[in-house]
Engineer: 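There's a structure below that I have some questions on.
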Amino acid sequence: MNYLETYEIWKKKQLEDPDLIAEMIEIEGNEQEIKERFIRMLEFGTAGLRGILGVGTNRMNIYTVALATQGMADYINEQYENPTVAIAYDSRIKSDLFARVTARVFAANGVKAYLFKELMPTPTLSFAVRQLKCSAGIVITASHNPSQYNGYKAYDEEGCQLNPEAAAKVLEYAAKRDIFDGVKKMSLDEGLRTGMIEYISDELVDQYLHKVFSLRINKTPVTESSLKVVYTPLNGTGNKLVRRILGKMGIEDIAVVREQERPDGKFPTCPYPNPEEKATLQLGIELCKKINGDLVLATDPDADRVGVAVNHHGEYVLPTGNEIGVLMLDYIAKQRIAHGTMPKKPIAVKSIVSTPLADVVAKSYGIEMVNVLTGFKYIGEQVTMLQKQGEESRFLLGFEESYGYLTGAHVRDKDAVNGSMIICEMAEYYKKQGKTLIDALDDIFARFGVYAARVKGYTFEGTDGMEKMANIMKKLRSNPPTSFAGYEVLSCADYQTSIRKDFRTGGETKIDLPTSNVLEYNLENNLKVIIRPSGTEPKIKVYLTIVTNDKPQIDLIAENLFHSAQGLMA
C-alpha cells in the first residue's frame with residue numbers, strides 16, 4: 001500500500017483528536033506534506049518511538065502510540081502471567097494524553113497499568129517498575145528534542161530500556177495489527193473502576209527520593225549548606241524532585257529560573273531544551289550573575305540528564321558531560337577511600353564514546369572500567385548483572401558523555417535527580433577548600449594530562465534523511481578515510497563487524513561487544529574520531545578526543561577535525 005492509499009484510509013476515519021482532524025484538512029492536496037506523514041510507519045526501535053507530533057503513520061499521535069502499546073501488550077502477555085506495567089510522562093505536548101491512551105490499551109489487553117498522577121522524571125519510572133515488580137514500563141518523552149517532537153520509551157522488568165531483540169519482537173507484533181481496527185482500548189473510567197488502571201501513590205515517589213538521598217558519598221549529618229544554586233527544570237519534570245533532594249541536603253539557597261519553572265511543552269525560552277547547549281543555560285547564567293551564585297543546574301525535560309554552568313572566579317564555565325563524569329569518578333573514589341567505604345573490586349561503567357580520561361582515572365584508583373555501547377540501557381545491564389551476582393555494592397558510577405549519570409542500583413537509567421545531588425555535594429566539598437569544580441578539574445588534568453572532548457551532530461531531516469545517513473555510513477565502510485585534517489588514521493574499529501584493524505601492522509582483533517553502527521578512528525598524536533548515527537535524532541554524530549597539554553591548540557584541532565569529518569557527510 002502506498003502513502004496516498006494510506007492517507008485515503010485515514011481520511012475516511014472519524015479521528016478522535018481534533019488537532020489531527022485540523023491537520024488532515026490543512027494538508028489536503030499537498031502531496032509532499034502527505035508523503036512526509038504517510039510514507040512509512042513510525043518504527044518501534046531500541047529507543048521505542050520518537051517523532052514529530054501530527055497526523056499520519058509517520059508521526060507521533062494517539063494512533064501510533066496505541067499501536068505501539070498493542071504490540072507491547074502482545075509481547076508482554078506472551079512473556080508473563082498476570083503482567084503489569086508502570087507508565088510515566090513528561091511535560092511535552094500531548095504527553096499526558098498519550099500516557100492515558102497507553103494505560104487504556106494495556107488495560108484492555110489484560111495488562112494492569114500503574115499510572116503516575118502527574119508528570120514525573122524518567123528515572124522514577126525505572127524505579128516504579130522495580131518497586132512495583134512490573135513486567136515492563138513506558139515513559140512518554142522525547143527527552144531534549146525540540147518541542148514538535150514526542151516519544152515513547154519502553155522498559156523491561158528490570159527498569160532498563162528494552163534491548164534490541166525485545167524491541168524487534170514488539171515491532172513484529174505491532175506490524176501484525178491494523179492501526180485502527182487491531183488495537184483494543186478500554187475507557188479510563190472503566191480501567192480505574194475495574195482496577196486495571198491504578199494511580200501510583202505519592203509514597204513511591206518518597207521512597208525514590210529516600211533511596212537517592214542514601215547515595216550521598218559523604219554521609220555526615222546534613223547541616224545548612226553555604227552553596228548558592230540556580231536551578232532550571234527547562235519547563236520539564238525536574239522541578240519538584242530536584243529541589244526536594246537539594247533541600248534534604250541542606251541546600252536552601254536555590255533560585256529557580258522563573259521563565260523555565262512551570263511545565264510547558266512549547267519550551268518558549270529554549271526551543272532546543274538540551275542542557276548540553278550554552279544557549280539553553282543562558283537565563284540561568286544571567287540569574288546566577290545577579291545573585292552571585294556558585295553554579296547553575298539544568299535538567300532536561302524528562303530529568304534524566306543534567307548540565308552545569310560553574311561560576312569560576314567570575315567567569316561562567318560549562319564543563320562537558322565527560323568532564324563532570326570524570327569529576328564524579330575522582331570525587332567518589334577519593335571520598336570512598338577516605339571514609340573507608342571503597343568496595344572490593346570496584347567497578348565504573350561508561351559508553352565507548354565517552355572520554356578515555358575516565359579509564360585512566362579509574363586505573364589510578366584500582367577501579368575496573370567497563371566500556372559499553374552507547375545507550376544507558378547497556379550501563380543498566382551491567383548494574384543488573386552485578387545485582388544478580390549479589391555484587392551491586394561494587395558499582396560506583398555509570399555515565400555517558402551526553403550528561404547522563406547514575407551512582408546507585410536503585411534504577412537502570414540515567415538519573416538527573418541523583419546527578420544533581422552528587423554535583424552539588426562535590427561543589428560544596430571543593431568550595432570548603434576555596435575551589436570550584438573547574439579548579440578540581442584542572443587538578444585532574446595536572447595529574448593525568450588534558451583530555452578534551454568535542455561532539456557535533458550533522459542533521460538529516462525528512463523522509464530521505466535516514467537513507468542519506470545509511471548511505472554515508474556505508475560509504476565510510478566501503479571507502480574508509482586514511483586521514484582526518486592531515487592526521488593519519490592508525491587503526492579503525494567497526495562495531496558493526498566487531499573488528500578492529502591496525503593499519504600499521506595489518507593485524508585484526510575482535511571487539512567483544514554487541515554489534516552497533518559505530519566507526520572509531522584512532523589517529524596519530526593521541527587523537528580519536530568516532531562516527532555514529534544518533535539513536536534518537538535524525539543526526540550523524542561525530543565525537544572527538546584530543547589529548548594535549550597545549551590548551552590553546554585544542555579548539556583549532558577540533559575545528560580542523562570537524563571540517564574534515566563534514567567533508568565525509570555529503
Engineer: Considering only NZ, NE, NH1 and NH2 on the basic side and carboxylate oxygens on the acidic side, decide whether Lys153 and Asp304 come within less than 4.0 Å.
Structural biologist: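 Here Lys153 pairs with Asp304 in a salt bridge, since their nearest N and O are under 4.0 Å apart.
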
Engineer: Looking only at atom types and distance, does a side-chain atom of Thr57 sit under 3.5 Å from a main-chain N or O of Arg40, one as donor and one as acceptor?
Structural biologist: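 Yes, because the side chain of Thr57 sits within donor-acceptor range (under 3.5 Å) of the backbone of Arg40.
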
Engineer: Do Arg305 and Asn274 pass the side-chain hydrogen bond (donor to acceptor under 3.5 Å, both in side chains) test, and can you show the C-alpha distance, the side-chain angles, and the key distance before you say yes or no?
Structural biologist: CA-CA 9 Å; Arg305 303 187 313 132; Asn274 185 348; 2.9 Å; yes

Engineer: Can you list the residues that meet the ring-ring contact (aromatic ring centres under 6.0 Å, His included) rule with Tyr458, with sequence neighbours excluded?
Structural biologist: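 By the ring-ring contact (aromatic ring centres under 6.0 Å, His included) rule, Tyr458 matches no residue at all.
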
Engineer: When you look at CD of Glu524, are more than 12 heavy atoms from neighbouring residues, nucleotides or ligands closer to it than 6.0 Å?
Structural biologist: yes

Engineer: Ring of Phe562, cation from Lys456 - is the NZ or CZ under 6.0 Å from the centre and inside 45° of the axis?
Structural biologist: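 That pair qualifies as a cation-pi contact.
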
Engineer: Is there a side-chain contact between Pro533 and Lys541 (heavy atoms, below 4.5 Å)?
Structural biologist: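 They are not in side-chain contact.
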
Engineer: Could you check Val230 against Leu297 for side-chain contact (heavy atoms from CB on, under 4.5 Å), going step by step and ending with a plain yes or no?
Structural biologist: CA-CA 6 Å; Val230 168; Leu297 284 178; over 6 Å; no

Engineer: Within a strict 4.5 Å, meaning less than it, do heavy atoms of the Asp550 and Pro552 side chains meet?
Structural biologist: yes

Engineer: Does any N or O in the side chain of Ser478 come within less than 3.5 Å of the main-chain N or O of Lys474, such that one atom is a donor and the other an acceptor?
Structural biologist: yes

Engineer: Are Asn58 and Tyr3 packed together at the side-chain level, in the sense that at least one heavy-atom pair is separated by less than 4.5 angstrom?
Structural biologist: no

Engineer: Would you say the side-chain atoms of Thr436 pair up with the backbone N or O of Ile438, donor to acceptor, closer than 3.5 Å?
Structural biologist: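 Yes; judged by distance alone, with no hydrogens or angles, the pair exists.
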
Engineer: Apply side-chain contact (heavy atoms from CB on, under 4.5 Å) to the pair Ile367 and Ile347, showing each step before the final yes or no.
Structural biologist: CA-CA 6 Å; Ile367 298 167; Ile347 282 179; 5.6 Å; no

Engineer: How about Leu544 and Val455: do any of their side-chain heavy atoms sit closer than 4.5 Å?
Structural biologist: no

Engineer: Quick check: do Asn311 and Leu295 have side-chain heavy atoms less than 4.5 Å from each other?
Structural biologist: no

Engineer: Tyr75 vs Tyr173 aromatic rings, parallel, tilted or perpendicular, using cut-offs 30° and 60°?
Structural biologist: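 Answer is tilted, since the angle falls between 30° and 60°.
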
Engineer: So do Ile140 and Asn150 actually touch side chain to side chain, heavy atoms under 4.5 Å?
Structural biologist: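 Yes; the side chains approach each other to less than 4.5 Å.
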
Engineer: Checking salt bridge (Lys or Arg N to Asp or Glu O under 4.0 Å) between Glu520 and each of Arg500, Arg532, Lys501, which is the one that passes?
Structural biologist: Arg500

Engineer: Any Lys/Arg nitrogen of Asp555 or Arg454 sitting under 4.0 Å from an Asp/Glu carboxylate oxygen of the other?
Structural biologist: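 Yes, this pair counts.
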
Engineer: Please check this pair: side chain of Thr515 against backbone of Gln496, looking for a donor-acceptor N/O pair closer than 3.5 Å.
Structural biologist: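 No.
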
Engineer: Are Phe484 and Tyr521 an aromatic pair by the rule of ring centers under 6.0 Å?
Structural biologist: yes

Engineer: Mark yes when over 12 heavy atoms from residues, nucleotides or ligands other than Lys475 sit less than 6.0 Å from its NZ; otherwise mark no.
Structural biologist: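 Buried by this count: over 12 neighbours within 6.0 Å.
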
Engineer: Would you check if the side chain of Glu33 reaches a backbone N or O of Asn30 as a donor-acceptor pair within less than 3.5 Å?
Structural biologist: no

Engineer: Has the side chain of Glu23 got a donor or acceptor atom that lies under 3.5 Å from a matching backbone atom of Val55?
Structural biologist: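 Flag set: sc Glu23 to bb Val55 pair under 3.5 Å.
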
Engineer: Could you list the donor-acceptor pairs under 3.5 angstrom formed by side chains in residues 351-359, with sequence neighbours left out?
Structural biologist:
residue : atom : partner : partner atom : Å
Ser351  : OG   : Ser354  : OG           : 2.7
Ser354  : OG   : Glu401  : N            : 2.9
Thr355  : OG1  : Leu357  : N            : 3.1
Asp359  : OD1  : Lys350  : NZ           : 3.1
Asp359  : OD2  : Asn371  : ND2          : 3.0

Engineer: Using atom types as modelled and distance alone, determine if a side-chain donor or acceptor of Arg447 lies under 3.5 Å from a backbone N or O of Asp443.
Structural biologist: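 Judged by distance alone, no pair lies under 3.5 Å.
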
Engineer: Are the side chains of Val170 and Glu172 in touch, meaning some heavy atoms are under 4.5 Å apart?
Structural biologist: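 Answer no - side chains too far apart.
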
Engineer: Ignoring hydrogens and angles, tell me if any N or O in the side chain of Ser534 forms a donor-acceptor pair with the backbone of Lys539 under 3.5 Å.
Structural biologist: no

Engineer: Report the C-alpha separation of Asn163 and Tyr378 in whole Å, then their side-chain angles, then the decisive distance to 0.1 Å, and conclude whether the side-chain hydrogen bond (donor to acceptor under 3.5 Å, both in side chains) test is met.
Structural biologist: CA-CA 8 Å; Asn163 62 39; Tyr378 297 110; over 6 Å; no

Engineer: Is there a side-chain contact between Ile27 and Phe38 in this structure, where contact means two heavy atoms from C-beta onward sitting under 4.5 Å apart?
Structural biologist: yes

Engineer: Taking Asp19 for its side chain and Gly54 for its backbone only, find out whether a donor-acceptor pair lies under 3.5 Å.
Structural biologist: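 Side chain of Asp19 to backbone of Gly54: no pair is present.
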
Engineer: For Ser126 and Arg412, indicate whether the former's side chain and the latter's backbone hold a donor-acceptor pair under 3.5 Å.
Structural biologist: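 At least one qualifying donor-acceptor pair exists.
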
Engineer: Applying side-chain hydrogen bond (donor to acceptor under 3.5 Å, both in side chains), run through Tyr152 and Thr69 and close with a yes or a no.
Structural biologist: CA-CA 9 Å; Tyr152 178 106; Thr69 306; 2.8 Å; yes

